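Accompanying notes for the structure given below.
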Amino acid sequence: MTSQRKVRVRFAPSPTGPLHIGGVRTALYNYLFARRHGGDMILRIEDTDSQRFVPGAEKYINEALAWCGIEIDEGVEQGGPHAPYRQSERREIYFKYAMQLIEAGHAYYAFDTPEQLEALRTQAEARGEAFAYNYAVRGELATSLVLSPEEVKARIERGEGWVIRFKMPEGRDVEMHDAIRGQVVVNTSTLDDKVLYKSADSLPTYHLANIVDDHLMEISHVIRGEEWLPSLPLHYMLYEAFGWSATQPEFAHLPLLLKPGGGGKLSKRDGDKMGFPVFPLRWEAPTGEVSRGYREDGYFPEAFVNMLALLGWNPGTEQEIFSMEELIAQFTLERVGKSGARFDPEKARWFNATYLKTKTDEQLGELLLPILRSHGVDACIFLATKVARLVRERATFVADMWDLSSFIFNAPTEYEQKAVEKFWKGENPARLAALRGVLEGVGDFTAANIDTAIHSWIESNALPMGQVMNTFRLAVVGESKGPGMADICEMIGKEGTLERLSAALNKLGQ
RNA sequence: GGCCCGUUCGUCUAUCGGUUAGGACACCAGAUUUUCAUUCUGGGAAGAGGAGUUCGAUUCUCCUACGGGCUACCA
């Protein structure tokens, strides 16, 4: 809350699977905010759910952030003054603070079994109500609030299951502040006594661990998804119960990322069902199920980050293309939107195409080279760069350049029907045969020479340019698309070009 | 059901009481082009509804509707 405090933010994902783009955006906003204010970015792994823990998820999170260019100052891999940064390694800390809450009367032991709670829920449901574990019912349940200290001690020693619940005050209006939404007020009577400490795995729940760690790690701003807004009053009360209100962080709840078609927030499960990745990186689940990622789909990390940054934030100007440095320089929480943003795969592609345009031929050639080789082309960087220069303006992804240029390396085996109908008629085949002769006479087979030869031939014979060139293209490429014919011929070479003309003349007939 | 958040073109959004409501993606048309693409030009397209407040509401307030989130010994 105080502006004097050093900015320290954290991204605190749960390793229950791969990070999806909503999570990446949250990490990005945290990072931008930290860098903007010369603060620290902390990565904390919230693995307090032993049931849903997924091996490999933590590694994935680190890799994904690194790919995006989101640098971590303190975290599981980097270490730091507040290590460990993995909550499962901080058990004693949470237990100590849970005890502190009980002693201060802000929390209590509850001995209800899952079955008993389930029964209470179904009973309430039968009455048309929703069961809430709160001030109204806690006095009638088996808790340390009503049981004698001896009885409580005995139950614990006997090994009976217990949890620690927060004793939510009754009838208090909690006035909260959110950097994005302004003031929010909630009455505590609408809240319930949340479990703070689970007996099942001897770990705290998110709420306790979160508040304790944010406090201990001196977090100044909590920037997280809107799904946490409902638990903000609980968190406020927790800070108060611990006596930490004075150093409580400022909160900012980010609007959610919605499915493209509407109908809910973008979730991990959407996967590639909807035809676009929801994960930054490819993910192979322990079950063997594979989900694709932006990296593997050929997105430039800069484009991906740029696209994500603008999904819920904008600088108020008409600038749309931002480097990470520009984002850092301009990012403010005040300009984050309030409403959920529907993710648009089409615009994501546009961003990539735009970034591709900014690359040099050499850069694209370097990226294209391995792709060319993977298709069996014995290419060098010089060749790859040349190919890139020829087809780049038609590509959205680097990989597109192979589809756009493969005809250079593989002569057409069939010809596009429509183009054949349109051009392989009349005098065109005969003209093509003549053109073959013209090309045969070109000594140094460069694009410039080829161009000159063809044009002077066309002009001196007063031939219809469109008819000749399109027929020519059909014969060499196999369809009606691609770069200029002179460039194509140079790439293919004299021998190859002449062969293709003969082949077309043979197959399509004269 | 309860609690909370939200609501400007199809989508992402600008607008901090007075604008022909701007931009981008997508879409359509035209120009350029040996094809495709690029590029350029132009076009259609929005303030959920209803009450207020005000000289004046997209902008402030309330109600309704709709959308979303939360409601676990998950985060």
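Computed over heavy atoms, backbone and side chain alike; hydrogens, waters and symmetry mates excluded. Bear in mind that the values here come from a model prediction, so they are computed numbers and not experimental data. Every chain is numbered from 1, with letters handed out A, B, ... down the list of sequences.
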Where the side chain of [X] is defined as all heavy atoms beyond and including C-beta, which of [options] is the nearest nucleotide?
{"X": "A/E393", "options": "B/U34, B/U38, B/U11", "answer": "B/U38"}
{"X": "A/V195", "options": "B/C25, B/C73, B/A37", "answer": "B/C73"}
{"X": "A/R335", "options": "B/C73, B/C36, B/A14", "answer": "B/A14"}
{"X": "A/E346", "options": "B/A75, B/C25, B/C36", "answer": "B/C25"}
{"X": "A/E227", "options": "B/U38, B/C25, B/C70", "answer": "B/C70"}
{"X": "A/N314", "options": "B/A14, B/U34, B/A75", "answer": "B/A14"}
{"X": "A/W350", "options": "B/U7, B/A24, B/C74", "answer": "B/A24"}
{"X": "A/R121", "options": "B/A72, B/G68, B/U34", "answer": "B/A72"}
{"X": "A/E318", "options": "B/G22, B/A75, B/U39", "answer": "B/G22"}

If only atom types and distance count, is the side chain of A/T188 paired as donor or acceptor with the main-chain N or O of A/P169 below 3.5 Å?
yes
Which part of the nucleic acid does [X] contact within heavy-atom distance under 4.0 Å: base, sugar-phosphate only, or nothing?
{"X": "A/D178", "result": "nothing"}
{"X": "A/G161", "result": "nothing"}
{"X": "A/S14", "result": "sugar-phosphate"}
{"X": "A/P483", "result": "base"}
{"X": "A/P13", "result": "nothing"}
{"X": "A/T48", "result": "sugar-phosphate"}

Just checking A/K386: does its NZ atom have more than 12 heavy atoms from other residues, nucleotides or ligands closer to it than 6.0 angstrom?
yes
Aromatic rings A/H106 and A/F166: how do their planes relate, parallel, tilted or perpendicular, breaks at 30° and 60°?
parallel
Using purine N1 to pyrimidine N3 plus N6-O4 or O6-N4 for Watson-Crick, or N1-O2 and O6-N3 for G-U wobble, each under 3.5 Å, what pairs with [N]?
{"N": "B/U41", "value": "B/A29"}
{"N": "B/C9", "value": "none"}
{"N": "B/G18", "value": "B/C55"}
{"N": "B/A46", "value": "none"}

Proximity of A/Y415 and A/W424 rings by center, below 6.0 Å
no
Check this for me: does the side-chain of [X] come within 3.5 Å of the base of [N] through a donor and an acceptor?
{"X": "A/R342", "N": "B/C12", "value": "no"}
{"X": "A/S199", "N": "B/C73", "value": "yes"}
{"X": "A/K347", "N": "B/A24", "value": "yes"}

Any protein N or O atoms within reach of nucleotides 3-5 of chain B? Criterion: under 3.5 Å, listing atom names and distances.
unit_1 : atom_1 : unit_2 : atom_2 : d
B/C5   : O2'    : A/R181 : NH1    : 2.6
B/C5   : O2'    : A/E226 : OE2    : 2.9

Could A/R25 and A/Y29 be counted as a cation-pi pair, given that NZ or CZ must be under 6.0 Å from the ring centre and within 45° of the axis?
yes
Cationic tip of A/R155 above A/F111 ring, under 6.0 Å, 45° of axis:
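Yes, a cation-pi geometry.
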With a cut-off of less than 4.0 Å, is there a side-chain N or O of A/K198 near OP1 or OP2 of B/C74?
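Yes, A/K198 has a side-chain N/O under 4.0 Å of OP1/OP2 on B/C74.
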Below the 4.0 Å mark, does B/C73 have OP1 or OP2 next to a side-chain nitrogen or oxygen of A/R165?
yes
